[in-house]
Peer 1: 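Right, I'll just put the structure down here and ask away after.
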Amino acid sequence: MDSAHPLLIRAHRYARHEADLHPAGCSYDDIAGAWRDDATGELAVEMPGRQGPHSKKMDVETGEDQKGE
Amino acid sequence: MTASESPLAPPVLVLASRNDFTCDYVAAALARRGVAFLRLNSEDLPSCEITLDPVQPCATIRLGGRAFELSRQTLRSVLYRRPVYLRDFGDDRWSAQERFCRLQWAAFIQNLAVFDDARWYNAPAATYRAEHKAIQLREAHKLGMNVPPTAVTNTPLSAVDKIPGSRYAVKGLDTVMVREAGDEMFGFTTFADSSELSGPEWRTAPSMVQWAVPDKTDLRVTVLGERVFAVEILVDGHGVNDDWRLHKKQTAFVPHELPTLVASQCVEIVAALGLRFGAVDLALTGGDYYFLEINPTGEWAWLVDAAGLPIDEVFADELAQ
């Protein structure tokens, strides 16, 4: 049987791209265990007005569990 | 390591990846409390020097010029944010060397379960079991939660005879995600009537077919220990009768007060599944709350900003206990 399963047919298909997920203008601080803004030195997560996280890990739909990532 | 360079023995271990921004929330909250922690990101492991004695257990880790020691006596809690197994998406992104290393490091992370005196948020073995949808529904039913009539079947047309109504929510037992020829395919919950359930292609793999809760408002309930944070998920101010993730850009998350019984049941199902944290999906219709599923690795950080919920602070308090 060569026909695809209906759930696969209904799945959203899109070109896969390797997105750069690093917060822009930030560097990872091993000691703080978090990203830090290059310009101000603040922890990115504590900066007012910064882009916050989305409803999925890094806004990438992997079923939330990132298996295989 | 010189004699003067005593290793740090943090009480909290965070197992994550660099781009797991949710962990930045926890890191900042722990820092505000003056709680020492070690964040181990999968990408950084090859650049660390690591030795684990699995029997004591005790681990020495050298990261970024600093030395750390994890021991049964000092490690109090672990925030586990890595996969419990690696899926085969069917692509060949990695060389044999890369694949080998990914598997070995993933196994190392999972073998840190030898620190079984620490409190795990969540323990990998419990997460693995808790992710099975049929097990979730069974546990919810045992606790007295409303569960939509459900069939796991490769013959959905005959199975829906036992499910009321004429519209059904259909989803994979496992996440519907595959890769092919440079593309990726991801399946949201789909909705169908019986005329769409009769083809022979359904037999090729089982699906989960469920009564589609009518006129529903989706709720996301984040449970952390005894604490419960519930939000309504509204699109243009209303609930939606399909998968709300299809409308992410128009979605608002509004705090919701659960009835005491329902909140207790959410706490209980997390515990019944051997977890300390869970993201429970409920559907509210006509005043009745229906259990849909629980995500042992569910996201929550977006709710800190979007709904004003201090989940990061509560997480830090939990980890620091």
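Lettering of chains follows the sequences in order, A, B, ..., and the numbering in each one begins at 1. Just so we're clear, the structure is a prediction, and the values are computed from it rather than from any experiment. Just the heavy atoms: all of them, side chains too, but no hydrogens, waters or symmetry mates, feed the values below.
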Peer 1: Can A/Tyr28 and B/Asn41 be counted as having a side-chain donor-acceptor contact under 3.5 angstrom?
Peer 2: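 A donor-acceptor contact under 3.5 Å links the two side chains.
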Peer 1: How many angstroms lie between atom CZ of A/Arg16 and atom CZ of B/Phe186, to the nearest 0.5 angstrom?
Peer 2: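 The distance works out to 13.5 Å.
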Peer 1: Between A/Ala15 and chain B, with a heavy-atom cut-off of 4.5 Å, which part of the residue counts as in contact: side chain, backbone, both or neither?
Peer 2: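 Both parts, backbone and side chain.
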Peer 1: Any sub-3.5 Å donor-acceptor pair from B/Asp183's side-chain atoms to A/Arg13's backbone N or O?
Peer 2: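 No, B/Asp183 side chain to A/Arg13 backbone: no donor-acceptor pair under 3.5 Å.
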Peer 1: Using non-hydrogen atoms and a 4.5 Å limit, figure out which bit of A/Ile9 sits close to chain B: side chain, backbone, both or neither.
Peer 2: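 Neither the backbone nor the side chain of A/Ile9 comes within 4.5 Å of chain B.
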Peer 1: Could you check whether any side-chain heavy atom of A/His22 comes within less than 4.5 Å of a side-chain heavy atom of B/Asn19, counting everything from C-beta outward?
Peer 2: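 They are in contact (side-chain heavy atoms under 4.5 Å apart), so the answer is yes.
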Peer 1: Side chain from CB out, backbone as N, CA, C, O: work out which of these in B/Val176 comes under 4.5 Å of a heavy atom of chain A, or both, or neither.
Peer 2: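 It is the side chain, since no backbone atom gets that close.
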Peer 1: For A/Ser3 versus B/Glu201, what's the shortest heavy-atom pair and its separation?
Peer 2: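 Looking at all heavy atoms of both residues, the shortest contact is CB-CG, 3.2 Å.
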Peer 1: With distance as the sole test, does A/Arg10 use its side chain to make a donor-acceptor pair with the main-chain N or O of B/Phe191 at under 3.5 Å?
Peer 2: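 Judged by distance alone, yes, a pair lies under 3.5 Å.
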Peer 1: Show the nearest heavy-atom pair for residues B/Ala28 and A/Glu46, with the distance to one decimal.
Peer 2: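 Closest approach of B/Ala28 to A/Glu46, heavy atoms only: CB-OE2, 3.7 Å.
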Peer 1: Please give me the minimum heavy-atom distance between B/Gly64 and A/Asp30, naming the atom from each residue.
Peer 2: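 Minimum heavy-atom separation between B/Gly64 and A/Asp30: CA-OD2, 4.3 Å.
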Peer 1: Output the option from B/Ala181, B/Ala106, B/Ser207 having the highest count of non-hydrogen pairs under 4.5 Å with chain A.
Peer 2: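 Among the listed options, the one with the most contacts to chain A is B/Ser207.
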Peer 1: Tell me, out of B/Ala27, B/Ala205, B/Gly187, who's got the most heavy-atom pairs with chain A below 4.5 Å.
Peer 2: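 Of B/Ala27, B/Ala205, B/Gly187, B/Ala205 has the most heavy-atom pairs under 4.5 Å with chain A.
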Peer 1: What distance separates B/Met185 CE from A/Leu8 CG, expressed to the nearest 0.5 Å?
Peer 2: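 Going from CE on B/Met185 over to CG on A/Leu8, the span is 5.0 Å.
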Peer 1: At what distance, to the nearest 0.5 angstrom, does CZ of B/Arg32 lie from CG of A/Leu43?
Peer 2: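 So the gap between those two atoms works out to 9.0 Å.
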Peer 1: If you round to the nearest 0.5 Å, how far is CG of A/Leu7 from OG1 of B/Thr189?
Peer 2: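 The OG1 atom of B/Thr189 sits 9.5 Å away from the CG atom of A/Leu7.
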